[in-house]
2 protein chains.
Amino acid sequence: MKINQFGLLETSREQKESELKDLGFLDENWEKKTLLQLWQCFLEKSHPEVQNKNAKLKTLMATHDANVATFLASGKPLTQEVFARVGLQLLGFIESVDYEADHIQKFIETTNLSFQYGMPLETNIDLIHAWYNFLAIHTKSGLMFIDFLGSKGFFREFTNTHLFFNGKALPVFDTFELIREVVYVETDEDTDEDGWNDLVKVEIIRPKTTQPIPALFTASPYNQGVMNAVADKGLHDVSGGVQKKSWSKKTVQLPNRVQGKVRTPSTEEGESEETFTQALEYSLNSHMLSRGFASIYSTGIGGMESEGIMPCGEASQVASFKAVIEWLTGDRVGYTNKSDNIPMKANWCNGKIAMTGKSYLGTMATAVATTGVEGLELIISEAAISNWYHYYRENGLVIAPGGYQGEDCDVLSALTFSRRKQAGDYYASRLAFKKSLTLLQKNQERETGDYNAFWESLNYLKDVGGIKCKAVLVHGLNDWNVKPKHVFELHQAMLKQGVQHKMILHQGEHIYINNNRSLDFTDMMNALLTESLLEQPSRSFEQLPQILVQDNVQAETWHVERGWGLDTPSELSLHDNTSGKQSFLDAYSKDVAADFSKNPHSFSEEIVKAESSKTNDQRVFLALPAFDKEVYLDGVPELQLRVKSNTDYGFLSARLVDLGEAKRLKKVPTLTGETIDRGFGFKEEGVKEILLDSPTSEKMIAIGHTHLQTEKSTVVEKEVYTDISLKLQPTKYRLPKGRKLAVVIYATDFDFTLRGTQPIEYTFDFDKSQLLIPIRKVEHED
Amino acid sequence: MKINQFGLLETSREQKESELKDLGFLDENWEKKTLLQLWQCFLEKSHPEVQNKNAKLKTLMATHDANVATFLASGKPLTQEVFARVGLQLLGFIESVDYEADHIQKFIETTNLSFQYGMPLETNIDLIHAWYNFLAIHTKSGLMFIDFLGSKGFFREFTNTHLFFNGKALPVFDTFELIREVVYVETDEDTDEDGWNDLVKVEIIRPKTTQPIPALFTASPYNQGVMNAVADKGLHDVSGGVQKKSWSKKTVQLPNRVQGKVRTPSTEEGESEETFTQALEYSLNSHMLSRGFASIYSTGIGGMESEGIMPCGEASQVASFKAVIEWLTGDRVGYTNKSDNIPMKANWCNGKIAMTGKSYLGTMATAVATTGVEGLELIISEAAISNWYHYYRENGLVIAPGGYQGEDCDVLSALTFSRRKQAGDYYASRLAFKKSLTLLQKNQERETGDYNAFWESLNYLKDVGGIKCKAVLVHGLNDWNVKPKHVFELHQAMLKQGVQHKMILHQGEHIYINNNRSLDFTDMMNALLTESLLEQPSRSFEQLPQILVQDNVQAETWHVERGWGLDTPSELSLHDNTSGKQSFLDAYSKDVAADFSKNPHSFSEEIVKAESSKTNDQRVFLALPAFDKEVYLDGVPELQLRVKSNTDYGFLSARLVDLGEAKRLKKVPTLTGETIDRGFGFKEEGVKEILLDSPTSEKMIAIGHTHLQTEKSTVVEKEVYTDISLKLQPTKYRLPKGRKLAVVIYATDFDFTLRGTQPIEYTFDFDKSQLLIPIRKVEHED
């Protein structure tokens, strides 16, 4: 077990003392106390759950034969070892199970706990600083010790006013008395064509306090539930195969942005008259809720109890989320209900907002940021789409997000159109929705796979220049749903446009990491949010690493890095020992095709194996020579291929593979068995970690797909070689010494592409082909 | 999707009106209202989350072109169809997705919803009774509609006083203001030999109310966490093989029950001075907590912050849980802390207690019940051990609980001795614990597998006569951890001793079923608890079915049955077409043995296959002739075998198998995606259902193991036939027409037995062997 805390901020001695006073660890008499008395005071305050503190001191071992109560009575001097040993127990580590009493320092080093072992402990000042440091260390289950004290009731006697420790807000707000209210915010568009501008329902959860507080807003079309059965019925058939491109550009008519009638608010202001209970809450928001940040959720237009149709990333949708922020900052009207025109204000809000969320939710955060809306100070955008074309298409091909074959913009729209859950409301909006869906189906041009004006309108990368807030980008390097290209290109665009941002790349797939044990993600976000939305002068944005990357070889290991894809690509030959020319026929037996179609995941497992009877004939598998040392692949692998087809069109898929028996990290994190909460008695959550898996023979590093006709100018003729370039997904991948790279080239990808019905033969000239890959020496900045 | 509600109680017309008045659905003027007005009133009260009720009425569809608001305005008559259609929507079903507007009645029949479709709806009285009935129907996610209204805040304005509906307590108690307190109850024994009787820590969660309330007590040695790493180190080697029995009875010295000094309570009574936050709470308890039943948790002796050593089911442990009940009823002293001798009373308790919990927890409920302790009115004992010998031993063999090879009483004791988590406390108790563990290791006699005085002391079946309370027994027919024999024998003993009990047999493995969607388990328990602990005259114990069994062929189907194993066994021949004599050699290649040892579960999958290259030579596999119709196996299958060994000892394993390609139920329930809570904003929980799996070729029905020397009088000589009887686990199993039974006989069972190192050859004379099995006609009482 290892813990990595990057969120520890430099704090001056004066600041530390001041914060400890605010927390009640230091009273007026602290200077008069002996060292042991002061330590005893700290330990007693560490047991807020009980009045008889001595009972708890007896449960802690100080030396090999004295518990803390006995030790204190003995008057023996407090040593670093005793301080650390008792500290480990307070953090939840079990003596003679988790650590051996004789190897405290070694244990601290192994687990990477941020104890400052070896610092003097002679004066009260020494102890104060050791204790301040200790309060920031993560417990066994992954909360800072001061937060853990909060979980035990430490802040029960505090008032509902922001309180800070090491640049982070503390859980002082009472979550047993939260206000849960609803507002209906008016947008500027009438997408459901009922004559009036759409209202969107917004759910607010906020602590009772008279102090103005900031808000964390998660824009989630999923938030009122989804229509799985409807979406499943709408899934597209993917058995049609890929066609020759005609390039006959269709005219794309983007949705009309109709302005409807604007309501006239009554002169008298109202208060919320609606509440709610169960909501899909994001635990990062909940974590900050107990720390004095309101949680805001909305589906935008088209969600249950909102008005409007349900788009898929389009401008109307983004505008409806922007409207919520405008309501929060006082720049837009919101109503107590949908009929009475009674306005309701966010008087409680300090006008500073951050957006959070993963996947579609993070995507909306990015999109709203590009509008430059006032009051939005920070987005924490996780596993977000930056360009929808890269989500449902790739190089002229229809491509599924991993695991979702047959999905497209229209399917996602139907899935999230949760107004349909309420038959009475659906009845009134069904025709408008049907119309919008029909247009979406036309515009997405699934039959060609081409990039068009519709897709251009869903490409947020072009609008990055409009971003005025800061950003945190989080993405899984093994996310084959929203693939790493999304964050790579957003990062590049932000660099270019000077948008201040942090980037965290983990080894998981499409997951949240705010309950990951080995990284203090939530603390870092707390620090950034506290600085951005509460104007605390902690300089956290300056101090936190710009890029953090999880190691793919060792578990629980995170590196500070300087960039992504900075190095010049190396050129690797694809010519293997046999022949410069190789072919395959993209045709599967009916049975195999049926199996892979039913279980596409098994195809992905099979296609990367060095030996695969089921796919050997439908692919070229090239194992490259081993490197003489460990290498670090950092950037976009590119295949330059000389290829011909036995007809005048075709398409290619390729995977870059790490070959060799080894234990590798799992893509899905495992529950560690520990639990944390997001405030006193509030929102328990299991802690997770990405663990090493049993040994495997290979692992996919990156993937890519392309039509042979990538541009109108590309000429593809039957049996005539053409040179194409296929950029795979960007990666950061440490390939240990002894392991090999392999390249698999094939066409039909049951997991991602349309499934070829045409038995096309592809032939490659590997003398004229190569793999370009940015390789840099293994070195991290940490 | 099907819902089965057995917990609906007969209620008189007067009682219904009275309850609807208590709930506020009927005011003084209800008789003056029109039918539509009364319905409108009911619908408006069904939206407690909002002031503008009309907005919500608009979301509900009444007829094909009118929402409820429009319909009400139109003044059209309320029909059964409109009532049901709106009802379905209120229950969470989505029109044109879950049900078709034109097929309401069919949908209600298919889902088995307890709508009384077709009853007249002409008078207010008709409507009142229809509405009462409707309030009891389960929503799509599995709560009664009245409970679901509670989740939306219906009871927010009610006081913290018990309120009932249809014999069940309602969630009126405020869970945002719970009292969480600790008491240390004094036992009558000093098991850790520190001179004083052991104190056990008890955690109490109760609503704030002045009304005396009952308590649900879960006795759980796991409740303060477990010592996995310590237990894993203590696992026994299972590779030693089985030995010839010597029958040299060792003397068993049961633990001394030492009485220590008794504390002298101070004259002044105290109040709790300790609280807690995270606790391992059972959601059935939490469900009842919001309904005015306190939740009580304790590890008994040996748990963290309790005193004493940690037994394994022994009398001292049971007595320490009994002590908790005695404290609750005022018959025993409890202290505010472990040192100050300040007594603290359970003044809030009405003196009526039920015990709940699964596995070890349910076991303790059974064991405490056998003491006949005053105040214990009901136990809900799930997947409980009734005789520890049947848990770790079987017919003279050491047998693992499924999935836990190498575990034994001593391992479980070390696992649950959570005092070890606190080094200071562990230091003081470690020698006493070591001593108790050493005695346990001696007494469990793992080297012989024999039943002895120690095991006799852990056999609660012999004490069933002492039970004074009622009982609910819940068990999985596919629970191979705590096997069905435990509940079968407890049920038989209770029948014999006249202990009033209900029995629910589900198709899961070692699971809880209180979040199962298809059965209203929690409602039934609510009714029984309400009657038993709050003396409500609902006659629920009289009305609820005595035995409920989940169907093993159809999902979501439950039957009322009349008994278990009542029919006379049929005798089936084991002689197949080839020969009356068959042999196998119990010897595996090193590689296969290593594989199976590493992954015992794969052995269990393999051994029941009709063709299994890995085990064919180490077993006899007998496929019996198909029956000419569906049969229902109900009771204990028994193998009567004429067998000889090529040495003078040996052991046998056997499995009864259902053979034939078919979709069968999974053993583990699947999350349905729906969520319920256990009170307003309190303890959300995912709903689960046991679903049909993909087709499989076979499934184990029952299993058994025995040493060849089952009694001292059994003579086993080399190469001489002997007749033995092997009773398999009891079952209830519907075998559809076209499927076959098979019997697999073998020796080493990598999943359960010690693993044979001796290559013993076993030979059977199947002309003189048979399978006895109680078969009855397929008929259920429902």
Side-chain angles (χ1 to χ4, degrees), chain A residues 48-52 54-62 64-70 85 89 92 94-98 101 151-153 176-178 180 182 227-230 273-278 304-305 336-340 420-428 673 675 677 680-681 684, chain B residues 48-52 54-62 64-70 85 89 92 94-98 101 151-153 176-178 180 182 227-230 273-278 304-305 336-340 420-428 673 675 677 680-681 684:
Chain A
E49 75 279 19
V50 65
Q51 285 169 36
N52 184 330
N54 205 50
K56 298 295 170 184
L57 299 190
K58 280 186 197 165
T59 67
L60 298 164
M61 208 65 189
H64 78 279
D65 58 358
N67 65 42
V68 168
T70 325
R85 190 179 183 188
Q89 293 171 62
I94 304 179
E95 186 162 300
S96 81
V97 176
D98 291 321
S151 305
K152 293 209 292 177
F176 291 95
E177 263 204 304
L178 294 170
R180 292 171 169 262
V182 171
M227 308 299 300
N228 277 319
V230 177
E273 55 176 53
E274 182 170 352
T275 186
F276 59 95
T277 41
Q278 283 189 24
M304 186 173 77
E305 301 198 318
T336 58
N337 63 44
K338 288 193 276 188
S339 55
D340 299 337
R420 180 149 189 185
K421 289 175 77 177
Q422 296 183 325
D425 188 48
Y426 174 60
Y427 185 76
T675 314
D677 57 29
F680 179 71
E684 277 184 43
Chain B
E49 74 280 17
V50 65
Q51 286 170 34
N52 186 329
N54 205 50
K56 298 294 168 184
L57 299 190
K58 281 187 198 164
T59 68
L60 298 164
M61 208 67 190
H64 79 280
D65 59 357
N67 65 43
V68 168
T70 324
R85 188 178 185 190
Q89 293 171 62
I94 304 178
E95 186 162 302
S96 80
V97 177
D98 292 321
S151 305
K152 293 209 292 176
F176 291 95
E177 262 204 303
L178 293 170
R180 293 173 168 260
V182 172
M227 308 299 300
N228 276 321
V230 176
E273 54 175 53
E274 182 170 352
T275 185
F276 60 95
T277 40
Q278 284 190 20
M304 186 172 77
E305 299 197 319
T336 59
N337 64 44
K338 288 192 277 186
S339 54
D340 299 339
R420 181 152 187 181
K421 288 174 80 178
Q422 296 184 323
D425 188 48
Y426 175 59
Y427 185 77
T675 313
D677 57 28
F680 179 70
E684 277 184 43

For chain A, which of B:Arg180, B:Arg420, B:Glu95 has the most heavy-atom pairs under 4.5 Å?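 Among the listed options, the one with the most contacts to chain A is B:Arg420.
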Under 4.5 Å from a heavy atom of chain B, the part of A:Ser96 involved: both
A:Val68 vs A:Gln89, side-chain contact (heavy atoms from CB on, under 4.5 Å): CA-CA, chis, key distance, verdict: CA-CA 11 Å; A:Val68 168; A:Gln89 293 171 62; over 6 Å; no
Side chain / backbone / both / neither for A:Arg85 at chain B, heavy atoms under 4.5 Å: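 The answer is neither part of A:Arg85.
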Name the region of B:Glu177, side chain, backbone, both or neither, that has any atom closer than 4.5 Å to a heavy atom of chain A. neither
Do B:Asn337 and B:Glu273 get their side chains close enough for a donor-acceptor pair, meaning under 3.5 Å? yes
B:Tyr427 and A:His64: which non-hydrogen atoms are nearest, and at how many Å?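 Result for this residue pair: CE1-O, 3.2 Å.
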At a heavy-atom separation under 4.5 Å, does B:Ser151 approach chain A through its side chain, its backbone, both, or neither? backbone
Does any heavy atom of chain A fall under 4.5 Å from the side chain of B:Asp65, the backbone, both, or neither of them? both
Report which part of A:Met304 has an atom under 4.5 Å of a heavy atom belonging to chain B: side chain, backbone, both, or neither. neither
Top contributor to chain A interface from B:Gly424, B:Ala428, B:Gly673 [non-hydrogen pairs under 4.5 Å]: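 The option with the most such pairs is B:Gly424.
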May I ask you to decide whether A:Glu305 forms a salt bridge with B:Lys56, counting only side-chain N to carboxylate O separations under 4.0 Å? yes
Which atoms form the tightest heavy-atom contact between A:Lys152 and A:Pro48, and what is the distance?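 The answer is O-CG, 3.6 Å.
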Heavy-atom pair count under 4.5 Å with chain A, highest-scoring of B:Asn67, B:Val50, B:Thr59: B:Thr59
Heavy-atom contact with chain B under 4.5 Å, split by part of A:Thr675: both
Looking only at side chains, do B:Ser339 and A:Asn54 share a donor and an acceptor under 3.5 Å apart?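 The answer is no; no qualifying pair exists.
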Atom group of A:Lys421 that falls short of 4.5 Å from chain B, counting heavy atoms: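 Looking at A:Lys421, backbone and side chain both touch chain B.
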CD1 on A:Ile94 to CE on B:Met227, rounded to 0.5 Å: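 So the CE of B:Met227 and the CD1 of A:Ile94 are separated by 4.0 Å.
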